[in-house]
There are 2 protein chains.
Amino acid sequence: MATSMLMDSEPNVIPPISRRPLLSVAVTDALRGKIESAVWVPGARVPTEKDLSAQLNVSRATVREALTRLKHEGYVYSVQGKGAFVADKPGLNTFRVDQLLSENPIDSAHIFELRSLVEQNCAALAAERRSVTNLREMKRALKKMVCEQKNGGLGLEADIAFHRSIADATGNPILARFADFVGKHTREYLQVVRLSALKSAHRLDDIEREHMEIIEAIEARKPEAARKAVSRHLENGTPHPDLRRLPL
Amino acid sequence: MATSMLMDSEPNVIPPISRRPLLSVAVTDALRGKIESAVWVPGARVPTEKDLSAQLNVSRATVREALTRLKHEGYVYSVQGKGAFVADKPGLNTFRVDQLLSENPIDSAHIFELRSLVEQNCAALAAERRSVTNLREMKRALKKMVCEQKNGGLGLEADIAFHRSIADATGNPILARFADFVGKHTREYLQVVRLSALKSAHRLDDIEREHMEIIEAIEARKPEAARKAVSRHLENGTPHPDLRRLPL
DNA sequence: AAGGTATTGTTGTCAGACAACCTGACTAAT
DNA sequence: ATTAGTCAGGTTGTCTGACAACAATACCTT
């Protein structure tokens, strides 16, 4: 009983450890392969579900499950009564970052680098385009974060809000969404580091100062200064292997 | 007969015009809403397929189709015999760019900007890290592209290979993949522009020179020069509204 | 009490059917 | 002859029911 409770309440440990390869996944890969290898070209008709289930010797339900995934990935689309067709830009409407984190530290570093680039550019663009409203929002988030941290909290939400306010100031919603996407991927990884780092009141002052420098650069409309401020901030806060010193 | 042929051979124009909202899509949205609104928290168990089909008054097949999509989006995962569970970082393993292009020119400009940022940074990083092999690859691709264009071709593939060789030189595969993702989204849009631009032999020389400047900066290990060379190159080649001059 | 077994529940797969919809051919009316 | 309407066949979307594979628990035998 105790063990079972433990198993169930075990907090999100096991990412879907692959058991045996699911049939539907195999079918998905097979069909996607047909498209990626250009055997089926954009606009062409995909064989009917019945044909596929006959050819692959699986049930139509399994074929449908595979097609559902491919539709969602943007490889094919279907019209009721007509059939399924290969999409114009197969597979290029989604950018996936799957089981990369926490497996290989190198991969983590790669994502960190992507985040760093994105946030540096966000800050630079924000410095060019920010409105007074944007600026107010940044300051509000920073104040909240500092307040929370001085009360012993992590201030993680406020930190996210801070970076988001910078991304919003670029006026580019797609860029902002991507910053969000990359940011959330990395921040979780940082949480534990942050906790220990925050024990030092010294580092806490550093963080506040680093954020202030970012805001000041954006307020003064100095893109390069903003970029460098973000770069410094992230380098200080992210203890990941330095890619520049790794063999490539 | 003639009309039907025309309809069929019409080259990939109409994205799947939404007919009536599919049931499975409605279910997908409903379930995703439960997760995004934090009614179902990460790690929690999702109701069984049977329960869901009873509650929503749809068949289990439809529920499964919805769950298939959500699994693929990274909102949930399932284990045979146990059940389905909300993922740790719901929905954050995919970055989607859906029906944005060619509908709204502003959106196109936003993606162009993202591409420009990514490629500038790729070039800058490449300037720091490129190997001689990388450099050789860039030159090879450029030579091929120029050759094709002088023979009246577009040299699109070679152009893609050129930019990819720069992305590869960063040594960051995730960044390279993202550059590929964004690049292919924008390049198709450019194709028609390029065609007319290439008619001018003058512009053709420009393009070659611009590419050469990029390579030279990377060869000389000058990150900022490489960044600016890419920036110039993209600004010359992309006739999109300048975001800096748009009201924000 | 411990270990093996049966039972129950859940997801994965299969099979068949009907509904909604598209296409093309055929028919009938003008 | 042209046009409109109807019908038939094919395809995807949804429904129903069943079995297989697997996990967890309850039970039973030793």
Side-chain angles (χ1 to χ4, degrees), chain A residues 1-10 13-14 16-31 40 44-72 75-87, chain B residues 1-10 14 16-31 44-72 75-87:
Chain A
M1 179 111 171
T3 58
S4 71
M5 285 297 291
L6 193 88
M7 293 285 288
D8 269 19
S9 65
E10 211 162 7
V13 240
I14 305 184
I17 285 184
S18 78
R19 341 198 110 277
R20 82 192 158 91
L22 289 189
L23 197 49
S24 58
V25 174
V27 173
T28 306
D29 293 340
L31 299 186
W40 295 345
R45 223 185 123 166
V46 173
T48 67
E49 295 175 353
K50 194 162 61 169
D51 287 353
L52 285 176
S53 80
Q55 289 178 29
L56 300 171
N57 197 32
V58 298
S59 76
R60 197 187 147 211
T62 301
V63 170
R64 275 190 66 77
E65 189 154 335
L67 285 177
T68 297
R69 278 193 269 260
L70 292 180
K71 286 179 219 168
H72 213 60
Y75 280 93
V76 305
Y77 66 91
S78 60
V79 184
Q80 185 172 136
K82 279 183 78 174
F85 305 86
V86 179
Chain B
M1 177 101 172
T3 59
S4 71
M5 284 297 292
L6 194 87
M7 293 283 287
D8 268 20
S9 65
E10 211 164 5
I14 303 182
I17 287 185
S18 79
R19 342 198 110 278
R20 83 190 154 91
L22 291 188
L23 198 49
S24 58
V25 174
V27 173
T28 306
D29 293 339
L31 300 185
R45 228 189 118 163
V46 172
T48 68
E49 294 174 355
K50 192 161 61 168
D51 287 353
L52 285 175
S53 80
Q55 288 178 32
L56 299 170
N57 197 31
V58 298
S59 76
R60 196 186 146 211
T62 302
V63 170
R64 274 190 67 77
E65 189 154 336
L67 284 177
T68 296
R69 278 192 270 260
L70 291 180
K71 285 179 222 170
H72 213 58
Y75 280 93
V76 305
Y77 65 91
S78 60
V79 184
Q80 185 171 148
K82 279 183 80 174
F85 305 86
V86 179

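Lettering of chains follows the sequences in order, A, B, ..., and the numbering in each one begins at 1.
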[X] [atom1] to [N] [atom2]: how many Å, rounded?
X	N	atom1	atom2	answer
Leu52(A)	dT11(D)	CG	C1'	12 Å
Asp51(B)	dT11(C)	CG	C1'	13 Å
Leu22(A)	dA21(D)	CG	P	13 Å
Phe85(A)	dT23(C)	CZ	C1'	11 Å
Lys50(A)	dT14(D)	NZ	P	19 Å
Glu49(A)	dA15(C)	CD	P	15 Å
Glu65(B)	dG12(C)	CD	P	14 Å

How far apart are the closest heavy atoms of [X] and [Y], and which atoms are they?
X	Y	value
Leu31(B)	Ala66(B)	CD1-CB, 4.4 Å
Val76(B)	Leu67(B)	CG2-O, 4.3 Å
Val25(A)	Arg69(A)	N-NH2, 3.4 Å

Between [X] and [Y], is any pair of side-chain heavy atoms under 4.5 Å apart?
X	Y	result
Val46(B)	Leu52(B)	yes
Val27(A)	Glu65(A)	no
Thr68(A)	His72(B)	no
Leu56(A)	Thr62(A)	no

Look for any protein N or O under 3.5 Å of an N or O in nucleotides 6-9 of chain C and output each such pair with its distance, or none.
{"from": "dG9(C)", "atom 1": "N2", "to": "Gly81(B)", "atom 2": "O", "distance (Å)": "3.2"}

Check the interface with nucleotides 15-19 of chain D: list each N/O to N/O pair with the protein under 3.5 Å, or write none.
{"from": "dC15(D)", "atom 1": "OP2", "to": "Ser59(B)", "atom 2": "N", "distance (Å)": "2.9"}
{"from": "dC15(D)", "atom 1": "OP2", "to": "Ser59(B)", "atom 2": "OG", "distance (Å)": "2.9"}
{"from": "dC15(D)", "atom 1": "OP2", "to": "Thr62(B)", "atom 2": "OG1", "distance (Å)": "2.4"}
{"from": "dA18(D)", "atom 1": "N6", "to": "Arg60(B)", "atom 2": "NH1", "distance (Å)": "3.3"}

Q) Is any side-chain N or O of Ser78(A) closer than 4.0 Å to OP1 or OP2 of dG13(D)? A)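 Yes.
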Q.
For a quick test of reading the model: is some side-chain N or O of Ser24(B) closer than 4.0 Å to OP1 or OP2 of dT14(D)?
A. yes
(Q) Please report the interatomic distance CG(Leu70(A)) to OG(Ser78(A)), rounded to the nearest 0.5 Å. (A) 11.0 Å
Q: Kindly write out the residues that satisfy salt bridge (Lys or Arg N to Asp or Glu O under 4.0 Å) with Arg45(A), not counting sequence neighbours, or none if the list is empty.
A: none
